[in-house]
Every structure is written in structure tokens, then in C-alpha cells.
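Please read the structure below before turning to the comments.
Every chain is numbered from 1 and lettered A, B, ... according to where its sequence line falls, protein lines coming before strand lines. None of the values given here were measured: they were computed from a predicted structure.
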Protein chains: 2
Amino acid sequence: MVTIADVAQAAGVSISTVSYVMSGKRAISQETRTRVEKAIDSLGFSPHAGARSLASRSTNVIGLQAPLRTGVDVHVVMQIVTGVVTQARKHGYDILLLASDDAKALQRAAKGSMVDALLVMDVESDDPRIETLSGLGHPSVLIGLPEGRRAIPCVDFDFEAAGWLAVDRLVALGHRRLALIGSPPEVMTRHTSYADRLVRGFLAACEASGVTGSVHACPSTTEAVATVDAVMTENPDITGFFVHNEGALPHVAATIGRSARQRGDDLAVLALCPDDVARSVPGLADSIAVPAEGIGAAATDMICEILANGSQPAVRLLPPALTGTPTAP
Amino acid sequence: MVTIADVAQAAGVSISTVSYVMSGKRAISQETRTRVEKAIDSLGFSPHAGARSLASRSTNVIGLQAPLRTGVDVHVVMQIVTGVVTQARKHGYDILLLASDDAKALQRAAKGSMVDALLVMDVESDDPRIETLSGLGHPSVLIGLPEGRRAIPCVDFDFEAAGWLAVDRLVALGHRRLALIGSPPEVMTRHTSYADRLVRGFLAACEASGVTGSVHACPSTTEAVATVDAVMTENPDITGFFVHNEGALPHVAATIGRSARQRGDDLAVLALCPDDVARSVPGLADSIAVPAEGIGAAATDMICEILANGSQPAVRLLPPALTGTPTAP
DNA sequence: GTGAAAGCGCTAACAC
DNA sequence: GTGTTAGCGCTTTCAC
């Protein structure tokens with residue numbers, strides 16, 4: 001293994017000079033700098049991460065707790081993780097992927113000085129992890145927006161605004177009876193924050209616009225088709241569908257598309273999902289994009305800023321936007 | 001921060017005794033052991049990972065290079081990652097998620113002593129990373145099975161055997177004209193190892209069974225339906241479909257199911273995908289499970305064994321198995 | 001069965 | 001602008 005001492009010797013300077021060349025924390029003459037840099041390159045030196053973290057009391061690693069369980073939208077999770085990892089690297093951080101999604105895992109990483117900060121996804125209201133995080137002494141950011149005391153900074157997509165936007169769009173298209181085909185029942189029941197916020201925005205917007213809106217939990221599996229059929233049969237006057245359900249989306253789009261063709265109905269499907277997912281669904285005209293990678297990147301930016309400046313920003317919600325071919329009413 | 005010295009003092013023993021209690025590397029009297037353990041608990045001590053890695057020259061971290069790009073099957077990737085992370089924790093390892101999937105990232109992690117070993121997914125034949133890994137001095141395992149020199153141990157699902165199994169199953173159901181609806185064109189063209197192996201097994205089995213088999217690349221997006229329609233129109237005598245394509249599967253299953261219903265054809269769809277994905281597709285009777293989480297776990301076991309025993313196992317392929325309601329012919 | 005002490009490779013005062 | 005050196009918190013000889 002090549003150490004900083006080897007580099008110093010090769011460059012004919014002291015150890016600290018090499019260290020300062022790397023960190024840029026003090027002025028170095030152009031001449032020594034090049035000499036040191038050459039030595040570093042030719043020896044292929046990279047500093048020992050452990051030694052560095054021991055001496056500097058910081059690891060340049062951020063711990064990420066991602067929900068690897070099923071029932072979540074894998075596309076969204078993957079994209080958020082991608083955003084986090086990519087952005088972290090830009091700030092010079094690496095990502096330690098935590099195994100379990102309990103409070104213990106957070107403590108292990110923090111107390112073992114394995115990470116400088118923590119990024120936690122899929123936090124529910126009253127999640128015990130929030131209290132753990134507060135007591136940890138490590139900066140942390142939640143990806144999501146749990147209800148309650150708001151002790152930890154949060155980054156998320158503005159699902160509530162998305163609910164409003166969806167209703168505005170469907171109403172603009174001429175629909176007066178709307179349905180939200182939402183998350184699977186288990187997500188709804190868990191009161192996962194994003195599901196609740198979407199429903200709230202959707203219903204409030206329906207009321208504000210004076211249209212009828214109903215909300216339907218929908219399994220993300222085989223039963224999605226049956227669920228949609230049931231909704232359509234029992235509420236034949238619904239013409240505007242707003243779908244926020246990964247597994248159900250293709251079925252819903254197909255079912256409704258077929259029904260529109262067969263019965264000549266003027267039905268509309270508006271999806272809430274990542275852009276590329278929307279593009280892969282046949283027959284889907286518009287969608288509201290969930291900027292999943294952007295959420296990951298924003299959360300990472302926030303935590304890096306806290307790490308750098310000690311600033312303590314509160315909540316950041318990314319605004320929704322319509323995508324796709326806008327079919328004028 | 002509470003250090004090992006604090007624990008030693010609290011327990012009235014020397015630092016080394018505390019260290020040995022934790023590592024179990026030398027005999028400790030029952031009495032001191034309990035005293036030390038109590039001190040550890042009451043002080044809430046966890047050893048500093050960096051200090052440990054500096055002194056012991058090992059990090060207890062495994063680097064994982066996962067393809068976060070699109071075009072891959074996100075369900076499969078997520079499940080493999082889950083398997084890796086979960087199993088690693090069981091062996092006492094944590095996972096560092098590498099940002100980019102190039103050789104540089106592997107070097108950075110290894111040479112910076114951030115990891116003890118590397119796990120690399122989605123390796124292609126002639127992948128430059130293979131040579132990098134060989135020269136790195138860190139143990140590594142590939143998840144996948146690239147062609148060629150085989151310098152690095154590999155773990156994967158036995159896609160070739162899956163091709164055989166699929167044909168056997170479809171033939172047993174009475175089908176004589178088979179089609180493999182395969183990976184997207186970009187994956188086929190890249191000669192991603194798994195796609196090639198599946199095709200090879202499928203075609204060989206068709207020949208061995210004396211049935212006709214054709215292979216069709218299929219985009220994982222909107223065009224999947226059109227592709228399948230084209231295949232069915234141009235080859236109306238195909239009755240057995242073997243689908244290995246995340247995005248296309250629901251469409252294929254639906255299209256073929258409908259056609260079977262409308263035209264009264266005896267068509268069969270056999271899918272190759274993770275179990276839970278198969279269960280979420282309406283109207284799918286059987287499938288061959290891709291044990292994605294098992295692949296991740298097996299790869300992790302292998303690398304941990306190499307780390308522990310220095311053993312150098314070669315290739316491990318997980319066998320395919322039929323799932324679902326076996327509909328007798 | 002236990003302790004003392006020499007590093008591990010780096011950072012960051014504190015010199016000059 | 002550069003060098004010297006005291007730690008950072010742990011593991012692991014070596015000594016008893």
C-alpha cells in the first residue's frame with residue numbers, strides 16, 4: 001500500500017505538505033504543488049479512508065436508508081436512490097446503503113462513525129426513527145414529509161399540489177366526475193404521508209372546482225383490473241381518472257382506453273408517475289411527472305449544505321408539472 | 001464520543017481487554033467479560049469504524065456496483081440489491097453503493113481502502129472492469145456470467161437451463177411452435193450475457209425437442225404490444241410464448257389472453273421473472289422464477305467466504321424452477 | 001487471564 | 001510557504 005509518506009518522500013516534501021496539497025487548506029507554491037501531484041499520480045496514491053476519518057472526524061460518507069421492501073414503487077425508489085448516489089458523488093460523498101429500515105440501523109451507522117449524515121426514505125408520521133435521528137447528533141434529512149413536530153428537514157415532491165394540478169387539468173378537459181385510483185390499501189392504511197397528501201389535494205381541488213371526486217385504493221397486483229372495473233361499473237358517470245399506482249397504471253390505461261373505444265365515451269386518464277414510466281404505458285396521453293431522481297438529488301444537496309454550512313433548512317417540496325401531449329379540450 | 005478507553009476505565013480493565021472481549025480473539029474470564037459488556041452497554045459504546053479499519057486493515061464494508069441506469073429490469077435489480085444488503089449484514093458487512101458503473105469507481109473504493117471486497121453487477125463480456133478487478137488485489141465476485149477468460153468468480157441464475165425448462169414445459173403442454181419474447185433490443189445488441197444464454201438454451205431445447213422456436217427482441221415500452229401483435233400476425237401458428245421482458249409481460253399476457261378468448265385458441269404464456277412480479281400479472285398461469293434476491297444473497301455468501309477462508313470458488317449458477325399453478329396438458 | 005505500548009495513515013495545530 | 005509532531009481510536013504483538 002502506498003501512503004502519504006511515500007508520496008512525501010518521492011516529492012521531496014513533508015507529509016503535511018502533501019496533505020495540504022490534497023485538501024487545499026493552505027497556500028502551496030505552484031512548484032511544490034506540481035511536484036506533489038506528479039508523485040501522487042505516478043505512485044497511484046489514494047488516501048486511506050479510515051485513517052482520514054479517524055484524523056479528521058469525518059467520513060465523507062452519507063448513510064441512506066431506502067425501503068427495499070415490496071409494496072413500494074420500485075421505479076420511484078430506484079430513481080431516488082440514483083439521484084442520491086449521483087449527486088452525493090458530485091459533492092464528494094459516498095453512500096452507505098443501510099440494511100434494515102429501523103432505528104437501530106441508523107444508530108449503528110451514526111454511532112460507529114461510519115457516516116457523516118443520514119438520509120432516510122419512506123418515513124411515516126409517528127415514525128420512531130424521527131426521534132432517534134433527533135438524538136443522534138448527526139445531520140439528517142428525510143425524503144418524505146411526515147406529519148407532526150417536523151424536527152428534521154424534509155425533501156419531497158409536492159403531492160398535495162399534484163392533486164390540485166390533476167383536478168385542474170381534468171376539469172379543463174371538461175370532466176366533472178373524477179376518480180383517484182390511488183396507492184394500494186396497505187399504503188393508504190399505513191397513512192404514508194404522500195398518499196394522504198395527494199388525496200387531500202385532490203379532494204380539496206374537487207371541492208374548489210365544484211366537481212365530484214372519489215378516491216379508491218387499488219392493489220398494485222392482479223386485482224387492479226377488477227378494482228378498476230368495479231369503480232367504473234358502480235360509477236358509470238366518472239369520466240376523469242387520475243392514477244397514482246405503479247402496478248395498476250397499465251391495466252387502468254388499457255381498460256379505460258378500451259372502454260372509451262367500445263362505448264365511445266370521452267374518458268381521460270391522467271397518471272402520476274416518473275416520466276419514463278409514463279412513456280412506457282401505451283395509450284397514455286398526459287401525466288404529471290414525479291421527479292424521482294430530482295427528489296434524491298435535492299435531498300442530497302440539502303444534506304450537503306447542512307454539512308458544509310451548518311445551515312438548517314426546513315422543508316423543500318418539488319412542484320408538480322404536466323408532461324405529455326397536451327390535448328386541448 | 002465514547003471510546004474504548006472510556007469503557008476500559010468504567011470496567012476497570014485495560015483497553016486491550018475490552019478489544020479482546022469484542023473480538024473474542026483470546027480467552028477472557030467470565031467475570032471480566034460481563035463487567036466489560038455491562039460497561040459497553042451502559043456507555044452505549046460502538047467502536048469507531050475508521051479507527052478499526054486503520055488498525056485492522058479491514059473495513060467490514062463491501063462495495064456494490066449496481067446498474068442504476070434505465071433499460072434494466074428494476075424489479076430484478078432491486079431484489080438483487082436487497083439480497084446483497086440483507087445477507088451482507090448477516091455476515092457483519094455493510095454495503096457501499098458505488099456511484100458510477102465504471103472501472104474508476106471500483107479503483108477509487110478499493111485503493112482508498114473503503115471496502116474489503118467488491119460485488120459487481122451487470123458485467124458484459126470484454127468489460128474493462130474485469131481486468132481492473134483482477135489487478136486490484138481485492139476479492140471480487142461478479143453477479144452475472146460474462147464470456148471469456150473467467151478470471152473472477154461469478155454468481156448468476158442459470159438462464160440457459162431456464163431456456164431448456166421453458167421449452168420442456170411448453171412442449172409438455174402440447175405446443176409445437178414456440179416464441180421467445182425476449183429482452184429489449186438494446187440489451188440483445190449489447191450481448192448482455194443473460195439474454196444470450198437464455199436464447200441459447202431456448203433454441204437448443206427447441207431443436208432437441210424437435211419443435212420450432214423463434215426469438216424476438218421486444219422493447220420494454222409502449223411498442224411492446226405492437227411487437228407482440230406483429231409476431232402473432234406473422235406467425236399465426238405459434239401457440240407457446242415464453243416471455244422474458246419486464247415491461248412487455250403484462251401486455252403480452254393480456255393480448256394473448258384476449259386472443260385466446262376471442263379466437264378460442266389454445267395459447268400459453270410462460271414468464272421468466274421474479275415470483276412476485278409473476279403474481280401481479282393478471283391471467284398468468286405459470287412462470288419460471290428468477291430468484292433475484294437469492295442471487296444477491298448467494299453472491300454475498302461467496303464473497304464473504306472468500307474473505308473468510310481465502311477460498312476461490314469459480315462459478316455458481318442458481319437452477320431454475322417452475323412456479324405457479326401447473327395446468328396439466 | 002490480563003496489561004502496556006507500538007503502530008495503523010492521516011489531519012491539523014504549532015512551529016519557523 | 002513548508003516542516004515537525006501530537007494525536008485520532010483502535011488492534012495486536014509482546015510481556016507477565
Side-chain angles (χ1 to χ4, degrees), chain A residues 1-37 39-40 43-61 92 94 108-116 137, chain B residues 1-37 39-40 43-61 92 94 108-116 137:
Chain A
M1 173 180 220
V2 30
T3 72
I4 197 174
D6 300 329
V7 176
Q9 187 164 25
V13 298
S14 75
I15 285 185
S16 59
T17 298
V18 177
S19 176
Y20 284 120
V21 166
M22 296 193 299
S23 69
K25 286 190 182 171
R26 82 178 178 191
I28 303 280
S29 74
Q30 187 51 53
E31 195 208 354
T32 11
R33 150 160 287 118
T34 23
R35 207 135 40 82
V36 168
E37 280 166 350
I40 289 180
L43 295 179
F45 166 71
S46 1
H48 187 290
R52 194 168 240 189
S53 91
L54 182 55
S56 70
R57 325 191 116 273
S58 84
T59 61
N60 277 295
V61 173
D94 283 287
R108 224 181 59 84
K111 299 210 345 173
S113 300
M114 315 179 72
V115 300
D116 292 341
Chain B
M1 174 181 219
V2 31
T3 72
I4 197 174
D6 301 327
V7 176
Q9 187 165 24
V13 298
S14 73
I15 285 184
S16 57
T17 298
V18 176
S19 177
Y20 284 119
V21 165
M22 296 192 299
S23 69
K25 286 189 182 172
R26 83 177 177 193
I28 303 280
S29 74
Q30 187 50 54
E31 195 209 353
T32 20
R33 149 159 288 118
T34 22
R35 209 136 37 84
V36 169
E37 281 166 350
I40 289 180
L43 294 179
F45 166 72
S46 3
H48 186 290
R52 193 169 240 189
S53 92
L54 181 55
S56 69
R57 324 190 118 275
S58 84
T59 61
N60 277 296
V61 173
D94 283 286
R108 223 181 60 83
K111 299 210 345 172
S113 300
M114 315 179 72
V115 301
D116 292 341

Spatial distance of atom [atom1] ([X]) from atom [atom2] ([Y]) [nearest 0.5 Å]:
X     : Y      : atom1 : atom2 : result
B:I40 : B:I4   : CD1   : CD1   : 7.5 Å
B:H48 : B:S53  : NE2   : OG    : 9.0 Å
A:R52 : A:N60  : CZ    : CG    : 7.0 Å
B:S46 : A:M114 : OG    : CE    : 10.0 Å

Open item on the list: If I take atom CG in residue A:N60 and atom P in nucleotide C:dT11, what distance separates them, rounded to the nearest angstrom?
Closed with: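 Nearest whole value for this atom pair: 10 Å.
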
Task: Base-contact (B) and sugar-phosphate-only (S) positions in nucleotides 9-16 of chain D, heavy-atom cut-off under 4.0 Å, - elsewhere - done: BBBBBB--

Open item on the list: Measuring only between side-chain heavy atoms, which start at C-beta, is B:I28 closer than 4.5 Å to B:Y20?
Closed with: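 Yes, at least one pair of side-chain atoms sits under 4.5 Å.
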
TODO: Compare all side-chain heavy atoms of B:T3 with those of B:D6 and state whether any distance is below 4.5 angstrom.
DONE: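 Answer yes - side chains close enough.
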
Open item on the list: Any side-chain to backbone donor/acceptor pair from A:S113 onto B:A49? Under 3.5 Å, distance only.
Closed with: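 Between the backbone of B:A49 and the side chain of A:S113 there is no qualifying donor-acceptor contact (under 3.5 Å).
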
TODO: Work out how much the helix from C:dG1-D:dC16 to C:dC16-D:dG1 bends between its end axes, five pairs an end, to the nearest 10 degrees.
DONE: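 Axis-to-axis angle, ends of the helix: 40°.
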
Task: Touch class at under 4.0 angstrom, heavy-atom based, for A:T32 against every strand present - done: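 Counting heavy atoms under 4.0 Å across all strands, the contact made by A:T32 is with sugar-phosphate only.
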
Open item on the list: Counting the atoms with a prime plus P, OP1 and OP2 as sugar-phosphate, which does A:S53 contact under 4.0 Å by heavy atoms, base, sugar-phosphate, or nothing?
Closed with: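 No contact at all - A:S53 keeps every heavy atom at 4.0 Å or more from the nucleic acid.
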
Task: Pairs flagged by salt bridge (Lys or Arg N to Asp or Glu O under 4.0 Å) wherever residues 17-35 of chain A is involved - sequence neighbours left out - done: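 Salt bridge (Lys or Arg N to Asp or Glu O under 4.0 Å) check on residues 17-35 of chain A returns A:R33-A:E37.
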
